[in-house]
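Here is the structure we will look at, set down as structure tokens.
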Amino acid sequence: MKEILQRIEGALGGRYAAAELESIKKALCLEYLGISAVSFYTKEKVSIDTVKLDEALARLAKGEPLQYVIGSTPFCGLTFKVDSRVLIPRPETAGLVEWVAQDAAPGGSLLDVGTGSGCIAISLAHRHPGWMVHGWDISDGALEVARGNNTLNGTEVEFRKVDILNAEPDCRFNVIVSNPPYVLESEKAQMEDTVLEHEPHTALFVPDSDPLLFYRAIAEYGKKALVSGGALYFEINPLEASALKAMLEQWGYHNVELRSDIFGKLRMIKAIL
């Protein structure tokens with residue numbers, strides 16, 4: 001075991017801070033290589049596939065996210081397969097899931113726009129199996145990942161390829177939720193290379209000239225597709241919180257509420273039709 005840990009340190013020690021490196025060691029050994037927790041913590045000698053480990057270390061040394069290397073990540077108590085076709089689910093989004101799950105009445109219909117890995121839709125379907133849950137995305141690759149996660153987690157979400165910028169209502173929903181692209185192009189310089197070089201840009205970025213592009217399209221769609229008293233929930237860019245609140249109120253939504261994420265940033269908004 002000591003030799004394995006030394007191998008990891010030798011390959012990655014110059015790239016990652018000590019705390020992050022320890023997390024990587026644990027994840028690689030327990031999740032990726034299948035080493036038992038007892039063996040990991042007692043440092044007893046184990047046999048591993050060194051080729052598999054070296055492949056992972058090469059990818060990590062180039063900055064590829066650990067979740068993509070391992071191939072999965074936990075989210076809201078479930079496991080989601082992830083790769084470069086989808087964004088990696090983040091704690092901020094888990095806060096949005098919790099808000100929706102706590103608010104929504106049983107037996108409703110819910111739409112997740114820009115579903116990606118399916119983490120929002122599947123987590124909510126798992127929490128409330130009586131709901132009719134739909135997930136839309138424009139990416140065939142993302143939908144393939146989402147459908148796999150649907151099977152993995154035993155949920156019954158209906159995933160479809162739909163572009164919200166051109167969508168026409170064909171059913172009604174009690175809830176529409178979305179974590180749409182909201183990072184401004186001008187914010188790229190502040191982002192980590194692991195995100196910029198590996199996660200899908202179509203799921204991240206929006207033009208500086210139209211930062212509310214997807215929110216406006218979803219709000220417009222919601223006016224036609226939400227039932228009376230239905231709710232919109234969004235993950236948002238804190239920089240656009242005030243502008244988004246004003247836009248939703250102008251569109252006729254009411255009881256518009258902003259909430260902060262676990263890091264204290266305005267990251268979520270709810271509006272009632």
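Looking at every heavy atom in both residues, D83 comes nearest to Y68 through O-CE2, 3.0 Å. The shortest heavy-atom contact between P169 and A225 is CB-CB, 4.2 Å. Residues M247 and A219 come closest through the heavy atom pair CE-CB, 4.2 Å.
The environment of NE2 in H126 is sparse: at most 12 heavy-atom neighbours from other residues, nucleotides or ligands sit within 6.0 Å. Shown here is E156, whose CD atom has no more than 12 heavy atoms of other residues, nucleotides or ligands within 6.0 Å. Shown here is K52, whose NZ atom has more than 12 heavy atoms of other residues, nucleotides or ligands within 6.0 Å.
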Worksheet item: Given V145 and V82, is the side-chain contact (heavy atoms from CB on, under 4.5 Å) satisfied, shown in steps?
Response: CA-CA 7 Å; V145 173; V82 291; 5.6 Å; no
Discussion item. The test is side-chain contact (heavy atoms from CB on, under 4.5 Å); show your working for K161 and D140 and say whether it passes.
Written reply: CA-CA 7 Å; K161 185 176 183 178; D140 291 318; 3.2 Å; yes
Practice prompt. Check the pair N179 / F234 against side-chain contact (heavy atoms from CB on, under 4.5 Å), numbers first and verdict last.
Written response: CA-CA 6 Å; N179 175 19; F234 292 127; over 6 Å; no
Discussion item. Apply salt bridge (Lys or Arg N to Asp or Glu O under 4.0 Å) to residues D170 and K224 and explain how you reach the verdict.
Written reply: CA-CA 10 Å; D170 57 5; K224 305 171 187 174; over 6 Å; no
Discussion item. Under the criterion side chain to side chain donor-acceptor pair (under 3.5 Å), I'd like the reasoning laid out for N150 against T155: C-alpha separation, chi angles, the key distance, then a yes or no.
Written reply: CA-CA 5 Å; N150 199 32; T155 47; 2.6 Å; yes
Practice prompt. Begin with the C-alpha distance, continue with both residues' side-chain angles, and end with the deciding distance and a verdict on side-chain contact (heavy atoms from CB on, under 4.5 Å) for I176 and V113.
Written response: CA-CA 7 Å; I176 297 176; V113 178; 4.0 Å; yes
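A 4.5 Å side-chain heavy-atom check between I269 and L248 finds at least one atom pair inside the cut-off. In this structure the side chain of I236 reaches within 4.5 angstrom of the side chain of L258, judged on heavy atoms. Taking 4.5 Å as the limit, every side-chain heavy atom of K265 sits out of range of all side-chain heavy atoms of S260. Looking only at side-chain heavy atoms (C-beta outward), C76 and C119 stay at 4.5 Å or farther from each other. Taking 4.5 Å as the limit, every side-chain heavy atom of D112 sits out of range of all side-chain heavy atoms of D137. The shortest distance between side-chain heavy atoms of T73 and L66 does not fall below 4.5 Å.
Partners of N153 by side chain to side chain donor-acceptor pair (under 3.5 Å), not counting sequence neighbours: none found. For the ring-ring contact (aromatic ring centres under 6.0 Å, His included) test, residues two or more places apart in sequence or in another chain that qualify with Y221 are W136. For E144, the side chain to side chain donor-acceptor pair (under 3.5 Å) test picks out R85, with sequence neighbours left out. Residues forming a side chain to side chain donor-acceptor pair (under 3.5 Å) with R147 (at least two apart in sequence, or on another chain): none. Partners of F173 by ring-ring contact (aromatic ring centres under 6.0 Å, His included), not counting sequence neighbours, listed by chain and number: H134. With sequence neighbours left out, the side chain to side chain contact (heavy atoms under 4.5 Å, CB included) criterion links A17 to no other residue. Among residues two or more places apart in sequence or in another chain, the side chain to side chain donor-acceptor pair (under 3.5 Å) test is passed with E249 by K245. The side chain to side chain contact (heavy atoms under 4.5 Å, CB included) test applied to S72 returns I70, T79, K81, not counting sequence neighbours.
Rounding to the nearest 0.5 Å places CD of E3 at 12.0 Å from NZ of K43. Atom CG of N149 and atom OG1 of T115 lie 9.5 Å apart (nearest 0.5 Å). Atom NZ of K45 is separated from atom CD1 of I4 by 8.5 Å, given to the nearest 0.5 angstrom. Atom-to-atom distance recorded for N174:CG and D103:CG is 12.5 Å, nearest 0.5 angstrom. Rounding to the nearest 0.5 angstrom, the gap separating the CD1 atom in I88 from the OG atom in S117 is 10.0 Å. The structure places OG of S84 at 13.0 Å from CD of Q67, a figure rounded to the nearest 0.5 Å.
Residue pairs that meet the side-chain hydrogen bond (donor to acceptor under 3.5 Å, both in side chains) test with at least one member in residues 21-36, sequence neighbours left out, are E9-K25, E22-K25, K26-Y41, S36-S39. Applying the ring-ring contact (aromatic ring centres under 6.0 Å, His included) test to every pair with at least one member in residues 251-272, sequence neighbours left out, gives no pairs at all.
Hydrophobic cluster membership of I122, counting Ile, Leu, Val, Met, Phe, Trp and Tyr whose side-chain heavy atoms lie under 4.5 Å apart directly or via other members: F75, L78, F80, L96, V97, W99, V100, L110, I120, L124, W131, V133, L143, V157, F159, V175, V177, Y233, M268. Under a 4.5 Å side-chain heavy-atom cut-off, the cluster of Ile, Leu, Val, Met, Phe, Trp and Tyr residues that includes M132 has no other member.
L226 and I272 fall into different hydrophobic clusters, where Ile, Leu, Val, Met, Phe, Trp and Tyr side chains are chained together by heavy-atom contacts under 4.5 Å. There is a path of hydrophobic side-chain contacts, each under 4.5 Å, that joins Y215 to L165.
The only member of T93, D261, N237 that meets side-chain hydrogen bond (donor to acceptor under 3.5 Å, both in side chains) when paired with R267 is D261.
A salt bridge does not link D54 with R59: none of the charged nitrogens is closer than 4.0 Å to a carboxylate oxygen.
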